[in-house]
A.B. asks: 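Okay, handing you the structure first.
Residue numbering restarts at 1 for every chain, and letters A, B, ... go by the order of the sequence lines. Values below: all heavy atoms of this structure, side chains included; hydrogens, waters and symmetry mates excluded.
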Amino acid sequence: MDFSEFGRHAEYVVAAYAMAAVVIGALIIWVRTDKTRLEKELQALEASGIRRRSTRRAGPSVSQATSVPANKKNEK
Amino acid sequence: MSWMKSLFVREYQLANRVGGGALIGVLFFLAVVTIFPFGVGPDMILLSRIGAAILWIGALLATLLGLDRLFQADREDGSLELLVMSGRSLELVVLIKCAAHWAATGLPLVLATPVLSLFVGLDFQSIVLVTLTLLVGAPALTLVGAVGAGVTVSMRRGGVLLSILVIPLAVPILIFGVSAATAGAIDSNNFLVPFLFLCALTLFGLVVGPLAAAAALRVSGE
Amino acid sequence: MVVSGAMNQLKLVCQGVACDRGGRRVLNHVDLEVGSGEALIVQGPNGVGKSSLLRVIAGLVATAKGSITLEGGMAERSVAEQSHYFGHLDALKPLQTVLENLSFWRSFFEPADFGDGKVRESMSELEALDTLGIAHTASLPAGYLSAGQRRRLSVARLLVVPRPIWLLDEPTSALDKASEEVLLGLIADHIHAGGLVVAATHLPLNLPNTKFLNLSPVTTESEHMFAGDDLDDYFDEPEQDED
Amino acid sequence: MTLYDLANPTRFLKLVKVVLPWLIVATVAALAVGLYFAFFVAPEDYQQGQTVRIMFVHVPSAQLALMCYAMMALSSVGSLVWKHPLADVSAKAAAPLGAAFTFLALFSGAVWGKPMWGTFWVWDARLTSFLVLLIMYLGIIALWKAIEDPIKAAKVNAIITLVGVINVVIIKFSVEWWNTLHQPPSIIRSGGPAIHSSILIPLGLMALAFVLLFVTLHLMSMRNEIMRRRIRAMRMRAASAAPAASSSTITKAAPAGAR
C-alpha cells in the first residue's frame with residue numbers, strides 16, 4: 001500500500017494525522033519544558049537556602065497562644 | 001419566615017434604586033435586539049424567522065450581564081460574611097437573592113419582549129409563545145448564572161469569566177426555549193415537548209443553582 | 001439596658017484550634033477560654049492571625065484541627081449562630097436608609113439567649129440608634145453618613161439582636177474619641193449583662209475584667225495544605241537522600 | 001497501596017518515577033502497532049475511500065475527551081468530599097490535556113466530514129456537543145488561572161466541573177434533539193458504517209494507545225503541578241520566614257510570648 005493510490009481524499013487523511021501529531025507533539029513539549037523550567041526554579045530556591053521543614057524538624061508544635069491571667073495591667 | 005421576606009424586599013429595593021441593576025438589563029436587551037436588523041438587514045420576512053432567537057439571545061445576555069453583581073456587591077461591603085455566618089441556610093439565601101434578581105431584572109425583560117418582538121416582525125402567536133417561554137426559561141438562566149456569580153465572586157473582573165462559564169450551561173435552556181417558541185407556529189403538539197423540557201430545566205436549576213452557588217460562596221468566604 | 005439577671009455560666013472554649021488561609025498555616029494549637037462577663041483581648045504582631053482567630057470562631061473559616069464549643073449555650077445552634085462578628089467592613093447598603101439597614105439585620109439575624117434559656121427582649125431600632133447618638137439620621141440613606149457614624153450604625157446591629165458572644169476585630173480603629181467612648185461603654189454593658197467579648201486589637205482597650213492572649217507567629221508548616229493530617233512534609237524529597 | 005496512601009505526594013512522586021519509563025515504552029509501542037494496523041491492515045472503505053482512516057484518530061480522541069472530563073469530575077468529588085490532596089492536582093493537570101484532545105476530535109471530525117459535506121464545519125450533533133465541551137474545558141482552564149490560591153481555586157473548579165458534568169449529559173441530549181429538528185440525521189452516526197472486525201482491531205489499538213498517552217502525559221503534568229506548589233510554598237515560607245526572624249529579637253525583651 002504506497003501513497004500513490006491513496007485516492008482523491010489523501011490530503012484529508014494526511015491533514016488529520018498531521019494535526020494529531022502537532023497536538024500530541026505540542027503537549028509533550030509543553031510538559032517537558034514546564035518540567036525543566038520548574039526544576040531549575042526549585043534548584044534556585046533550594047540553593048538560596050530556604051531550609052525544608054524536615055531538616056530542622058522542630059519538636060511537637062509549640063502552643064502558639066499564651067494566656068495571661070485576667071486583670072493583669074495591659075503592658076505590651 | 002419574616003427574614004426571607006425582609007431579604008427579598010431589601011434585594012428588590014436595592015435593584016430598583018438608582019444604583020441598582022434593574023433598568024440597565026432592559027436597556028441592554030433593547031440595544032441588542034435593535035442592533036440585529038442593522039446587521040441582518042430590514043427584510044421583515046428574514047427577521048421574523050430568526051426573531052424568537054434574537055429575543056432569546058438578547059434575554060440571555062441581559063441576564064448574564066446583571067448577575068456578576070449578584071454577590072459581589074455584598075462581598076465588597078461585608079454583608080456577604082454576615083449572610084454566610086448568620087446561621088440561615090445559605091442555599092435559601094441564594095434562592096431568595098435569585099428570586100429578587102429575577103423579579104427586578106428578569107421580569108422586566110419578559111414584559112419588554114412583546115414590544116421588542118414588533119421590531120423583528122413576529123406575528124401575534126409567536127409573540128405570545130416567545131413571551132411565555134421567556135417567562136418560564138428566564139429563571140433557569142438566573143439560577144444557572146448564580147453558580148457562575150458565586151464562583152467568580154472574589155474576582156475583580158469576574159463578569160467576563162462568568163459568561164464563559166455559564167453560556168455552555170445555558171445552551172440547553174436556549175435550545176429548548178427557542179424551539180418551543182418557534183415550533184408552536186406550525187402546530188401545537190411539537191410545542192409541548194420542548195416547552196416541558198424547558199420547565200424541567202428550570203426546576204433542575206432551582207435545585208442545582210442554589211446548592212452549587214452556596215458551596216462556592218462558602219469557599220470564597222475564607 | 002442592663003439586665004441584672006443571675007450570671008449563668010456560658011463558656012467559649014477553643015481547644016488546639018488550627019486553621020489555614022491562602023495555603024498557609026495561620027493558626028496553630030490555639031487554646032482559649034472565655035466565661036460569661038469576661039473579655040479576652042487577643043494581641044500580637046500584625047499578620048499573626050488575630051483576625052483569623054475571630055473568623056474561625058465566627059465560622060467564616062473552617063478549622064483545620066481542634067474544636068470550638070460554647071458550654072452552656074443553645075445546644076442546637078452553632079457557635080457562629082450565637083455570636084456577632086464586627087469586622088472592618090460595616091456591611092451597610094449606602095442606597096438604603098439607616099432605618100432600613102438596621103431593621104433588615106434585626107429581622108435577618110436570629111437572637112440567641114445568654115445561657116439562661118430565655119431570649120432577651122431585643123432593643124428597637126430607634127432605641128439602638130438613640131443609644132449611639134445617631135437617631136437623627138434614621139431616614140437618611142446610609143451613604144450620607146460620615147465614617148464614624150457608619151461605624152456607630154454598624155455597632156447598632158449588635159444591639160438590636162441580643163447574642164452572647166461579640167467578636168470584635170479592631171473595634172476602635174477609625175473611630176473618633178467620642179465614638180470610642182460610646183463603643184467601650186456599650187461593650188462594658190454587654191460584659192456586665194453576662195455576655196462574652198473576644199476582641200482582636202493592637203490598641204489598648206480598657207474594659208472590665210479582661211484577659212489577654214498573646215499570639216506569636218506560626219513556625220510549623222501547614223501539613224494540611226497539601227495532604228491529610230498524618231502526612232510528612234509535602235516539600236521533602238524522600239527521607240533517605242536527605243542532605 | 002490504598003488510594004489514600006497515594007495521597008502522600010512524595011510517595012506519589014516515587015511511584016511516578018518508577019512507572020513512567022514503562023508507560024512511555026508501552027505508549028510508543030501501542031502507537032506504532034496502532035498506526036501500522038490503521039494504515040496497512042484496515043481495508044479501504046468502499047464508500048468513503050481512504051478518509052475512513054481518519055476515524056482512527058477521531059474516535060479515540062473523542063472518547064479521550066469525554067473520559068478526561070469524567071476523570072476530572074471524579075477528582076472534583078475527591079477534592080470536595082474526601083479532601084484527597086492529589087485530587088486537586090490531578091484535576092488541574094487534566095484540564096489542558098482534555099482541551100487538547102477535544103480540539104483534536106473536533107478538527108479530525110471536521111476534516112473527516114469535508115469530502116461528504118463539502119464544508120469543514122457542519123452543525124452535526126456530535127461535533128456541536130464537542131464544541132460546547134471545548135468551551136467548558138477552556139472556561140475551567142481560565143478559572144484555574146483566575147484564582148491565585150491553589151486550595152480555593154481547586155474547590156471552586158470542583159464545583160464548576162461537577163455542575164458541568166450534569167450539563168454535558170443534558171447538552172448531548174438537547175443537541176441531538178435540536179439537530180434532528182433542523183437536519184436529517186447525518187452520515188456520521190456515532191457507530192459510523194457497520195463496524196467490520198478489520199476496522200475494529202486498529203480502532204481498539206489506537207484507542208489503547210491514546211489512553212496510554214493520556215495517562216503518561218497526565219502523570220507528568222501532575223508531577224509538574226506538585227513542583228509548582230512546592231515552589232509556591234517555599235516562596236511563601238521565604239516571605240514569612242524573614243519577619244519572624246526579626247520579630248523574635250523584639251519579643252526577647254517581652255516577658256511572655258514563648259515560641
Side-chain angles (χ1 to χ4, degrees), chain B residues 53 140 143-180 182-183 186 190-191 193-194 196-198 200-201 204-205 207-222, chain D residues 69 73 76-77 79-81 83 88 95 99 102 123 125 128-183:
Chain B
L143 289 162
V144 164
V147 179
V151 162
T152 58
V153 72
S154 53
M155 291 171 214
R156 280 177 319 289
R157 286 191 331 289
V160 177
L161 188 58
L162 181 142
S163 309
I164 295 170
L165 291 174
V166 169
I167 281 177
L169 304 178
V171 159
I173 302 170
L174 184 67
I175 288 177
F176 289 119
V178 175
S179 48
T182 47
I186 307 151
N190 63 11
F191 160 76
V193 168
L196 291 179
F197 274 120
L198 190 62
L201 282 175
F204 180 72
V207 172
V208 170
L211 274 177
L217 287 179
R218 283 194 192 94
V219 165
S220 70
E222 279 161 17
Chain D
Y69 200 93
S76 307
V77 171
S79 74
L80 273 182
V81 173
K83 302 226 177 346
D88 316 349
T102 316
W123 288 96
T128 317
S129 35
F130 273 104
L131 179 61
V132 175
L133 186 63
L134 181 61
I135 298 173
M136 288 169 77
Y137 268 123
L138 297 176
I140 285 172
I141 294 172
L143 192 56
W144 272 110
K145 287 198 167 25
I147 302 175
E148 203 275 332
D149 159 25
I151 306 292
K152 204 181 272 190
K155 291 212 179 80
V156 156
N157 261 287
I159 293 169
I160 279 289
T161 312
L162 287 178
V163 170
V165 149
I166 313 163
N167 200 54
V168 163
V169 173
I170 301 177
I171 285 175
K172 193 116 188 51
F173 169 75
S174 55
V175 164
E176 239 132 44
W177 186 89
W178 162 82
N179 185 270
T180 50
L181 193 69
H182 295 283
Q183 254 185 349

A.B. asks: Is I147(D) close to chain B through its backbone or its side chain, or both, or neither, when contacts mean heavy atoms under 4.5 Å?
C.D. replies: side chain
A.B. asks: Which bit of L201(B) is near chain D, if near means a heavy-atom gap under 4.5 Å: side chain, backbone, both or neither?
C.D. replies: side chain
A.B. asks: Could you pull out the closest heavy-atom pair between V132(D) and P168(B), with the gap in Å?
C.D. replies: CG1-CB, 3.9 Å
A.B. asks: Would you say P172(B) and F173(D) make side-chain contact, with heavy atoms under 4.5 Å?
C.D. replies: no
A.B. asks: Report which part of I140(D) has an atom under 4.5 Å of a heavy atom belonging to chain B: side chain, backbone, both, or neither.
C.D. replies: backbone
A.B. asks: Before giving the answer on side-chain contact (heavy atoms from CB on, under 4.5 Å), spell out for L143(D) and M155(B) the whole-Å C-alpha distance, their side-chain angles and the decisive distance to 0.1 Å.
C.D. replies: CA-CA 10 Å; L143(D) 192 56; M155(B) 291 171 214; 3.5 Å; yes
A.B. asks: If you count heavy-atom pairs under 4.5 Å with chain D, which of V219(B), I164(B), V178(B) comes out on top?
C.D. replies: V219(B)
A.B. asks: Rounded to the nearest 0.5 Å, what separates atom CG in L198(B) from atom OG in S174(D)?
C.D. replies: 11.5 Å
A.B. asks: How long is the gap from CZ on F204(B) to CG on N167(D), to the nearest 0.5 Å?
C.D. replies: 7.5 Å
A.B. asks: Within this structure, what is the CD1-OG1 distance for the pair I175(B) and T128(D), rounded to the nearest 0.5 Å?
C.D. replies: 8.5 Å
A.B. asks: Please classify the contact between V168(D) and chain B as side chain, backbone, both or neither, with a heavy-atom cut-off of under 4.5 Å.
C.D. replies: neither
A.B. asks: Contact between I167(B) and I135(D) at the side-chain level, heavy atoms closer than 4.5 Å - yes or no?
C.D. replies: no
A.B. asks: Against chain D, label L161(B) side chain, backbone, both or neither, depending on which of its atoms sit under 4.5 Å from a heavy atom there.
C.D. replies: side chain
